[in-house]
Amino acid sequence: MLRDWRFWFFLPTLLALGIVVLFPTGYLLWMSLAHWIITEPGVYFDGLANFRTLFRSASFYDSARVTALYLFFSTVIMMVFAMLMALALQHSRSGILRSAIVLPLVIPPVVAGFTWRFLLNGEIGFLGAWLFPMVGLDVNMLSNPSGALVSVIIADVWSRTPFMFLIFLAALQGIPRDYYEAVRLDGATAVQEFFTVTLPLMRSAVAVALLFRVVDAINTFELIYVMTKGGPGRATQTLSLLGWKTAFQNYDLGGAAALGVVMLVVTTISAGIMFARFMRKA
Amino acid sequence: MVAIRLQDIRKSYGPVEVIKGVSFEAEQGEFVVFVGPSGCGKSTILRMIAGLEKPDSGEIYFGDDRYTDVPPGKREIGMVFQSYALYPHMSVADNMTVSLRLAGVPKTDRRKRAVEVARMLKLDELLDRKPAELSGGQRQRVAIGRAIVRDPKAFLFDEPLSNLDAALRVETRLEISRLHQQINTTMIYVTHDQTEAMTMADRIVLLDAGQVVQQGTPLELYRNPANLFVATFLGSPKMNVLDVAAVSRDGTTAQLTMAGASHVSVTLPSPETADPKSIGVRPEDTRIVPEGEGVLSGTIISAEHLGSEVLVHTETAAGQIIAKMPPDFSAHAGDTVWVGFNVARAHLFDADGLTINNHARQ
Amino acid sequence: MVAIRLQDIRKSYGPVEVIKGVSFEAEQGEFVVFVGPSGCGKSTILRMIAGLEKPDSGEIYFGDDRYTDVPPGKREIGMVFQSYALYPHMSVADNMTVSLRLAGVPKTDRRKRAVEVARMLKLDELLDRKPAELSGGQRQRVAIGRAIVRDPKAFLFDEPLSNLDAALRVETRLEISRLHQQINTTMIYVTHDQTEAMTMADRIVLLDAGQVVQQGTPLELYRNPANLFVATFLGSPKMNVLDVAAVSRDGTTAQLTMAGASHVSVTLPSPETADPKSIGVRPEDTRIVPEGEGVLSGTIISAEHLGSEVLVHTETAAGQIIAKMPPDFSAHAGDTVWVGFNVARAHLFDADGLTINNHARQ
Amino acid sequence: MSGYAGQSIWKSLGRAAFLSVAVSFVLFPILWLALGSVKTRNGALAVPPEFIFQPDFTAYTRIFTQGFLGSFQTSLTIALTNVVLTMVLGVPAAYALTRMTGKVQENLSFWLLSVRMAPLFAVIIPLYVLFRGIGLLDTPIAVALAHLTLTLPMAIWMLVTYFRSIPIDLDQAALLDGATRLQVLWIVILPIARPMLASVGIIVFIFSWNEFLLAFILTSRDAQTVPVAVASMAGTMSFDWPLIAAVSIVSMIPALLFVGVAQRHIVSGLGAGAVK
Amino acid sequence: QTEINVVGFGAGFAWADLFGATGAEKTQKLLDFEKEHDIVVNMEFADEDVARQKVLLDLVNGTGDYDLVMLGSDGAVQTFSAAGYLEALGPYLETAPDLFDPAKVYPPFLEANTVAGELYALPYYSFGAGAVYRKDLFDKYGISEFPKTTEEMATALQTLKDGFAADGITDVYPLTMRGAPGEEPSLDLNGFVYAYAGYPAWFEGGPTTPEEIKASKAQPIFTGDFKEGFSTFVNWSREYGPPGIAGHTWVDMMNLYAQGKAAILFPSAINAFAGIPSSEVPEVKEFSAFAPSPAGPSGKVVQSFWTFSVGVSAFSKNKQEAYEVLAFLTSEDVMRDFAEVIGWPYTTYPSIMHSPTLTDKWPTEMLDQIEASFYDADPHYFPYIPELTEFMDHIGTAASSAISGAQTIDEALDELQSWATERMDRAGYYK
Ligand SMILES: Nc1ncnc2c1ncn2[C@@H]1O[C@H](COP(=O)(O)OP(=O)(O)OP(=O)(O)O)[C@@H](O)[C@H]1O
Ligand SMILES: Nc1ncnc2c1ncn2[C@@H]1O[C@H](COP(=O)(O)OP(=O)(O)OP(=O)(O)O)[C@@H](O)[C@H]1O
Ligand SMILES: [Mg+2]
Ligand SMILES: [Mg+2]
């Protein structure tokens, strides 16, 4: 192994990530087994108590549900939207449209959250208080439980689609044109062409985008926090927000770590399944 | 009936005009072969017929209908790409039956058809492999299979056999010829291979630098090349061409001479014909003969033994000359020999390289 | 001096053993050509010689040194890939001179060398284009140029001419032959093209299914094929093979008969030799003859006019037979004709397809 | 690409319609942000919105007087450091990964992915402890290192998909030409992958530039990034939308400049012509 | 030279006199102080929520990076002192009495920072309950006087609502409060509970300290007295508040009032005062008036109480110097200038309240009313247990949920009840 160049090429990454990942993960595991509530003196090993508490709390299941909804819809909408834009722009020579579409990427999610929050605000927002009522839409997006979730998804789609768009665009441009010609000759419609050539040849790119999207969505914090604080009620409180609240508002570090471990396990397992399904032999 | 007609097609890539006004017709059921030097635009013409490339000007007709603007999928054309263009994510069977799938043919029927075609192309054992697991030749055959599967109105082949080994090439060539006879579909075929061109074609279209130089049956082109380019392009090894000067002219009879050679007498079509400036003799019309019997003397440079014949390369005062000799002919580099021509089969060319009918022929 | 030696090389891809114990030697300066059916492992062997693929077992020697584990860059080998493998981001000139750049040759010298080589390959006008702007044949030539540029110790060619047109192919072939004579470098060359194999090779190595079937000079293989496979693989169109039965045997003389034919008399090497089970006659040793003069009667199925000759396909009681006739031979499908053999050149095979020496030959 | 024959105009019309909707959706909030930055505090919040107003650029002047420039500098340092680190570490790793086969390659790829699986809120405390331990708290390098957990796996994955499309024959040709693996990478792979490298560079830069939680936790006075500055501005006892908007707009500029510069390298179709 | 690091909320609000309106430039006064004491003061600002997170990390890890930390009166002082993160200030007050004199400060503000008899933080900005309302709108709909009880208040709100409806005014709302999930609504909501129940009605019998709860094994009860106040808060928010109230935070509440879109801001009046000076709506500037918070059925007023305080980190390496800075930051001298810069009618020092700094700006009568609200305030209108923030968060989220209609009041309270029971159990109160 030591004589294999690939080992040396990979080693720096292995070390760098090993340090910034392995230590925190180990520490996290320890924390999750500890009774560590800041407001109570003393930190001690408490077995699986944190997990028991977690699995008994209503907000965990609530947040899991919200996370699932948020994850599913934002991801699906984002993928479709990004794919449509990439397809629409793949042959365009003008960089202007492409750059325009990529613009939200340079806006930090914190700012995106503020911006959409004030756009959608039902009392003073451009959309919420002016445009929507003008076209007869009488909903207060942010204070209505499902409306709030929709709002958060819109903002997230707005903020994160460009990233996926870029991945898709790059993948699209890597597809040799002969394939399109062959399938076109075979009489494929645009839709058939997409499903016969484009999508299969982009499969690994799509899978990568999807994986990163899922991880990203699970970690979305500031955007939602800024927009709704997880509200109204717990309507937009994702697991990430719950974890943050548990640690930094409720001072229950052990509980937050337990939640973190649960999420880590769930995402790793589902990613493992996805990985085995789509990316092996891709 | 005319199946495909191109009318003054032009095409440029950027500033470079690669197709400079090509017109031609393929009859229903005809087997047309495009030949020409590399980069002369053969693939480009094929792609325009398929609709994959829009001509800058000119029209394309299928039958009596103007097809210039019909999208490729509507043209019902089967094409074998020079680059194969196999879908890497599909098995061989799926690759071959994509068109059927797109047309909604059920799976079992598709499989049946795939097996049928695969057997023909010796791919039966590879049906479930992915293209990446095939050798170059195997891939090429899958690409051919894909075009055959859909029973198209016309086939376009872009050098489909270039990666097959000789035996398989002959076989697949005969297969395609047989296929053509069976289904009597118009086929347009691009190749570099002389044998393919000569044996398969009903008609050869010879292209050079984006223009049609000559077209006709293989033997027409081989026997009556319109000019020096055609004469030397067709035939392998290529025609020996020697500069000549007319030493005497008597109406239609001319005495020609070339460097270091005795005179050759030829008959010209009419007294007005210009004097020939060069003479072309194919290797099979050239012989190494006993001393004194030939036209020219020369030195053997090399002898290529092909098994079925020997190609003898000689250096003469008039230039290099290749003679095709029977397999048991023995020749040694450095030997001085005499070269003789079958003048009755010689080709004459004027100063512009245009053919002058040699009336000594036929 | 032995330049390259393979010793019982084996290689598997996954469960499939594609090279099954290949041993062979190439002498210093020898031109070795690998031929064999598609997928038989030619490219794989080449890649192992280059060091791009590690054999699972067996050893590779360059001269007397064990090179099995030497990295490719250290082997000083020039290779032309079947897939070209041109660097898409570099101009033609840069593509050709990468090895010089890596060796630290200054820019102007590199350019000079590129121009030199490009002229030889007719690429001089394309030196500043990118590969994407070249036609298939042009790309192939750049790949050849890249191998030539660096004056390597040995050249490996993987079907380098497969995309060139006939004229250019002959020319480049001669170019490579001349190059070989000039620099006297060991060359290993993979091709499908019979003519290339026959004309260029000092020695042909014929592979089938990952094994060496026969090796020797081209004429050896052509004239004395070790078995039916070699006999039919080399030669185009391929040898006519007919099943025979010995009707009488008198020591070394046997009377053979085949379906619908008169007897043929052959001389066997020794009285112990098994009876021949099939006879092979190459098309050039087969003739369409006046009625009654031949061995078999048959019907003409097709006549392929190659210009320099006519291939006549006939259907006989013993099977299909191809005869190579002079270009002015006229034949019409459906005609009943007689086929005659030059028995002195016939090949005999036993039940296992192994050659039995025909002592009537020579 | 020149079109094929008979392309339908409905298709292009549909495309144009979709694009205009998409582009409006994407650009509108940015436009609104830009407008907000040149309004007064109250004007920014007025309903119905003021479309015609006297632009007020004081928010921009306040950026300079209120010490935001420091956070721009910090953000830039962090993001650029991160890009360099990510590329230097990630490119060889990605290349090595594409030239591996079988189980090792699968396991490493998955390990790379799983690195990103841990929810950020949960690793914040360990990371804080880690960087406190090695004395890097409140330095740009700490944030850049922490961002590696996000950007490095992402970059490697993006590069891997691209590198995989570069035929191995090219590596081999270069190896035969006498290149070392590093030279193969440098002379062959990187130039071919240039558009992808540029894209990945841009994306990594932007991720690092935008990231909030890690930057926020690991820094205090000395290394505050722009998103952290923006977040700290909008909050408890004052709400200054024009200032937030102005900072946001200004914060786009370095990222845009970077994107602009890097995008020139994104020329499509460069990969064509390598093989038949 | 010693460096003292301070972390605070809200640039430009905290110590505007020391760090300038931008929170970034030190004023001459601070520079003089630094010179005199040979100390460098570093100030770091962050949003309240996020700053708390950092303080927490710093304290939990014992980093000691921050010498002085800003604390709200939402239990942070209780929590952190219980965990041993804060330095008790008693010894410092004694050894250097000339630096800070507690007697000069409004007592409730100190009381809020006292845990088990020990003072842990000094206040720099604090307030009590009250309402700011639009006198012009009250006049328009014939309400001559600000309501004195919650009953009257309900009537007044209905009158305003009807009035707006009759006049076709759709974008002005009778009331603005905050309902975003988390502790935001809790701050106001618990004031309602106090007014309805007459005590902090979270636990059986109304205990407010861990000791009391442990002694009586008092269970949390969110169905009884608590429910009245909770329901009123939720109902008023839904009926009279702006449509988005379930997501509103301090910023929204303030913006709404400043934009002239609300008639009453209540019960944390200070939020309105934050909006008035910058408002461009003339009526807001001209007709905003202060009124004491109305009383509930129990006779107690709807509470609101808050103090921004600063404590010394137990991990500080320079505690003495940190205290010196703290005393300086909260000194009368500094607070006077602070009041000058901010201009709102609030201060921690009675002496400043009655000085021209404020009397020149605001009516004396109003200042008196505000001062009265300080004395009236009960800092313990919610129980000061270490789990306070957690409770506040859950209560607030339940309220937000009920306001938005995601849950009914009963559902929200049921869930709150079962969570609280388990949480108290887990914290070991009933062992
Ligand atoms: N996309 C393109 N851009 C620019 N030039 C091109 C393009 N495609 C082809 N060409 C040029 O057009 C000419 C004709 O190309 P074409 O592929 O039709 O040649 P060909 O006759 O098929 O050659 P070959 O026998 O080598 O395949 C060539 O000179 C080629 O360099
Ligand atoms: N990477 C691979 N994985 C699996 N099988 C392979 C791989 N590469 C080659 N093979 C198989 O190994 C065999 C030999 O391949 P190779 O490319 O050496 O054939 P070849 O003789 O060069 O054929 P061709 O003349 O078609 O180029 C083929 O059957 C091919 O399918
Ligand atoms: Mg071509
Ligand atoms: Mg091969």
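By convention in this document, chain letters (A, B, ...) are assigned in the order of the sequence lines, proteins followed by strands, and residues within each chain are numbered from 1.
Heavy-atom distances place no part of B:L100 under 4.5 Å from chain A, backbone and side chain included.
B:L86 is not listed as a side-chain neighbour of B:F81, based on a closest heavy-atom distance of 4.5 Å or more. Within the 4.5 Å cutoff, side-chain heavy atoms of B:F34 are placed close to those of B:I188.
With sequence neighbours excluded, the residues that form a side chain to side chain contact (heavy atoms under 4.5 Å, CB included) with A:P162 are A:P104, A:L105. Listed by chain and number, the residues in a side chain to side chain donor-acceptor pair (under 3.5 Å) with A:T161 amount to none (sequence neighbours excluded). In terms of the side chain to side chain contact (heavy atoms under 4.5 Å, CB included) criterion, residue partners of A:L131 (sequence neighbours excluded) are, by chain and number, A:F126, A:L127, A:M134.
By the 6.0 Å contact criterion, CZ on B:F24 is enclosed, its count of non-hydrogen atoms from other residues, nucleotides or ligands being greater than 12. For A:F72, the CZ atom sits in a loose shell: 12 or fewer heavy atoms of surrounding residues, nucleotides or ligands are nearer than 6.0 Å.
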Please tabulate the donor-acceptor pairs under 3.5 angstrom that span chain A and chain B, backbone and side chains included.
unit_1, atom_1, unit_2, atom_2, d
A:R177, NH2, B:E53, OE1, 3.1
A:D178, OD2, B:S83, OG, 2.0
A:Y179, OH, B:L86, O, 3.2
A:E181, OE1, B:R47, NH1, 2.5
A:E181, OE2, B:R47, NH1, 3.1
A:E181, OE2, B:R47, NH2, 2.8
A:V183, N, B:Y87, OH, 3.2
A:R184, O, B:G73, N, 3.1
A:L185, O, B:R150, NH1, 2.6
A:Q192, NE2, B:L102, O, 2.9
A:T196, O, B:H89, NE2, 3.0

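Interface check for chain B: of the options A:P200, A:P176, A:G187, A:A188, the most heavy-atom pairs under 4.5 Å are formed by A:P200.
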